[in-house]
Asker: 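Structure provided below as structure tokens; questions to follow.
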Amino acid sequence: MVRAVVEERRRCDGSTPVRGPTLPTLNCLSIDVEEYFQCAAFAGYVSRAQWPSMERRAAPFVERLATMLQRHGSRATFFVLGWNVPELAPLLRQLVRQGHEIACHGDGHEHLARLSPQELRDDLRAARARIEDTLGVSPRGYRAPTFSVTRATAWALDVILQEGFQYDASIFPIRHDRYGVPGAPDGPFWAITPAGARILEFPPLTVGWRFMRLPVGGGGYLRLLPGAVVRHCLAARQRRGEPAMIYVHPWELDPGQPRLPVGRASQWRHRVNLHTVEGKLEALLREFHFEPAVTVLEHVRARADLPVFSVLPRLPGA
Ligand SMILES: [Zn+2]
């Protein structure tokens with residue numbers, strides 16, 4: 001992994017020209033505001049009908065993240081699960097007052113492969129209504145649960161666009177068993193939808209290594225990798241004049257969360273290195289500046305050289 005970073009730095013320092021205006025300080029830290037039991041790993045064990053009876057633990061960790069951000073003079077994008085909005089309303093209003101962006105993480109946290117276009121539309125409308133009615137702000141960005149915009153669910157981009165979202169942050173440009181669009185650009189890009197429209201996409205931070213693209217910017221990857229490796233990757237991205245997207249969940253700051261009866265692999269994936277997240281975020285916030293995704297994208301959207309990528313590859317002659 002360290003070699004991957006060295007390779008990336010060499011590539012960035014040497015052969016890759018800086019594209020467009022230099023953006024040395026604009027990065028995005030995003031927080032998917034969900035409870036630990038809403039995580040996809042537990043979907044088979046905790047149904048949505050059981051959510052109201054589960055212990056809520058997210059609020060103090062969202063508050064702690066906001067305090068850290070304030071201490072370092074950075075602002076973030078909070079992708080809020082609509083279902084959680086009423087309960088977290090006072091805290092979310094405080095985030096709005098502090099200049100953070102409230103964006104949308106859907107309402108029921110269903111992987112898009114399990115939804116029809118109409119069900120996604122209903123889910124987005126429910127979440128938007130809760131955010132707008134409760135907080136008085138309109139979400140402009142969307143992140144699908146489990147980064148589940150893939151080639152198989154590319155239809156979702158048209159629904160997201162039609163439902164009034166200006167950008168999406170759901171495409172992970174890697175190969176993975178549950179998500180990912182291998183070959184997608186690693187920085188912000190225009191995604192061409194199956195209907196031929198386009199929407200701004202802001203993928204999480206990854207690093208190129210040989211013929212592979214490896215995730216580094218959040219979740220289990222951020223927890224497993226040494227903090228220095230993540231910071232090296234972010235610095236390399238900055239030298240290219242490209243913004244980076246980091247993501248984290250409130251439950252990742254909560255090593256005391258209850259253990260749910262899932263298999264050992266899921267348990268490990270969910271809990272590994274939870275105790276390291278706060279320190280790693282502190283170090284990132286000390287070294288780099290973060291702004292909401294909507295602010296970062298405002299700076300890059302006018303770039304003539306912003307990559308354009310069709311999520312569904314066009315068939316010859318089509
Ligand atoms: Zn989520």
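Read the numbers this way: they start at 1 and go in the same order the structure lists the ligands and their atoms.
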Asker: Check this for me, if you would: do Arg114 and Glu119 make a salt bridge, where the nitrogen-to-carboxylate-oxygen distance has to be below 4.0 angstrom?
Answerer: no

Asker: So which of the N, O or S atoms of Glu34 lies nearest the Zn ion (ligand 1)?
Answerer: OE1

Asker: Is the distance from the Zn ion (ligand 1) to the nearest N/O/S atom of Asp32 under 2.8 Å?
Answerer: no

Asker: Is there a donor in the side chain of Arg223 and an acceptor in the side chain of Thr276, or the other way round, less than 3.5 Å apart?
Answerer: no

Asker: When you compare the side chains of Gln50 and Ser47, does any donor N or O come within less than 3.5 Å of an acceptor on the partner?
Answerer: yes

Asker: Is it true that some N/O/S atom of His249, main chain or side chain, lies under 2.8 Å from the Zn ion (ligand 1)?
Answerer: no

Asker: Cation-pi check, Arg301 to Tyr167: give yes when NZ or CZ is under 6.0 Å from the six-membered ring centre and within 45° of the ring axis, no otherwise.
Answerer: no

Asker: Between the Zn ion (ligand 1) and Cys39, is there an N, O or S atom separated by less than 2.8 Å?
Answerer: no

